[in-house]
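Each chain gets a letter, A, B and so on, in the order the sequences are listed, and its residues count up from 1.
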Amino acid sequence: MPELPEVEVVRSGLDRWVTGRVIGTAAVLHPRAVRRHLAGAADFTGRLAGRTVTGTRRRGKYLWLPLDDGTALLAHLGMSGQLLVGEPDRPDERHLRVRATFADGGADVRFVDQRTFGHLLVAELVPDAFGGTVPEPVAHIAADPLEDAFDDEAFFRALRRRRTGVKRALLDQSLISGVGNIYADEALWRARLHWARPTETLTRAEVTRLLAAVREVMAAALAAGGTSFDSLYVNVDGESGYFDRSLDAYGRRDLPCGRCGTPIRRDVFMNRSSFSCPTCQPRPRRARA
DNA sequence: AGCTGGCCCTGAAGGC
DNA sequence: TGCCTTCAGGGCCAGC
């Protein structure tokens, strides 16, 4: 389940392979992979043919390749999406959805996605709220916590205005982008906050602690090449990261908390798992799922 | 307007 | 053995 660190590993891995190269042809092998490209698969491939890739960019969990005509190839990996680089004559992967070849005949780029929650599209680059440009579908999301543009004070004020639980807020990409279920649980564990804590009761010191925890856990995951909890996330060479060995809360049901030894508990809300330490992260009297 | 829950999708794993 | 159920979850959107 790729979150910010995993997407960044993919972006940086892709960079030297694609920057400056001219796209030859693209092929869509599964229509669902381009379902958000509303003009359809033929328009999608038509917009890529002959374009030069000018770089690689990322915000939160979105990754894009700016093209030489003011558009960009945008990718969201969803739960199981992979962008793989390799020799064009290798066999098709089982869940190959989109293939892009290059005019020089060298290594191609493939979008492989078992669960089909991921997608690709081509969109115009538009100005964002921070003086840069982003693909149009990315314009509505917040900066991610590793960007200079992220405003800690504005995040604190937004949390105080909300009437929801802190984990739900962490997963809301319009407040802070790039955080998914794994890093939300890890950051809350590090900051000793329960997932159901009402955001309007958070103090400035707690939000500062939480943001520091988000940044620390993401930086550590990045350094380890990302997390691969269920082996579906891989870098452009098809290799898994090993940060899952360093997880303190996520997936550790009934295992001892690394700080106090209390068994980690698993709760279900938002139809997903939340792992926390009952001692370090006591449930607030007033809880908001 | 802000917030919540349902839905999309596939394959692995567990239960009977 | 084999079938059925459960689980993984990001983002969109309907509806309250």
Who are the salt bridge (charged side-chain N to carboxylate O under 4.0 Å, His left out) partners of A/Glu8, not counting sequence neighbours?
-> A/Arg11, A/Arg58
What residues, two or more places apart in sequence or in another chain, satisfy side-chain contact (heavy atoms from CB on, under 4.5 Å) together with A/Arg265?
-> A/Asp267, A/Ser276, A/Pro278
side-chain contact (heavy atoms from CB on, under 4.5 Å) partners of A/Arg35, counting only residues at least two apart = A/Arg32, A/His119
By side-chain contact (heavy atoms from CB on, under 4.5 Å) - contacts of A/Ala75 (at least two apart) = A/Leu83, A/Leu120
Among pairs that include at least one residue of residues 269-289 of chain A, which meet ring pair (Phe, Tyr, Trp, His ring centres under 6.0 Å), considering only residues two or more places apart or in two chains?
-> A/Trp195-A/Phe269, A/Tyr250-A/Phe275
Presence of A/Ser273 side-chain N/O under 4.0 Å of C/dC7 phosphate oxygens OP1/OP2 | no
From CZ of A/Arg266 across to C1' of C/dG9 the rounded distance in Å is 12 Å
Side chains of A/Lys61 and A/Ser177, donor plus acceptor under 3.5 Å | no
Got a sec, which residues hit side-chain contact (heavy atoms from CB on, under 4.5 Å) with A/Arg161, two or more places apart in sequence or on another chain?
-> A/Arg157, A/Ala158
Taken in chain and number order and not counting sequence neighbours, the residues that satisfy salt bridge (charged side-chain N to carboxylate O under 4.0 Å, His left out) with A/Asp248 are none
Heavy-atom protein contacts under 4.0 Å, nucleotides 10-16 of chain C, coded B base, S sugar-phosphate only, - none = BSS----
Quick one: how far along DNA chain B does chain A reach, first to last nucleotide 5' to 3', anything under 4.0 Å to a heavy atom?
-> B/dC3 to B/dG11
Please list all pairs passing the side chain to side chain donor-acceptor pair (under 3.5 Å) test where one or both residues lie in residues 95-105 of chain A, with sequence neighbours left out.
-> A/Arg21-A/Asp104, A/Thr25-A/Thr101, A/Asp92-A/Arg99
Could you state the CD-P distance from A/Gln114 to C/dC7, rounded to the nearest angstrom?
-> 18 Å
When the rotation axes relating C1' atoms of four end pairs to the next four are compared across the helix from B/dG2-C/dC16 to B/dC16-C/dG2, five pairs an end, they differ to 10° by 50°
Apply salt bridge (charged side-chain N to carboxylate O under 4.0 Å, His left out) to A/Arg204 and list each qualifying residue two or more places apart in sequence or on a separate chain.
-> A/Glu153
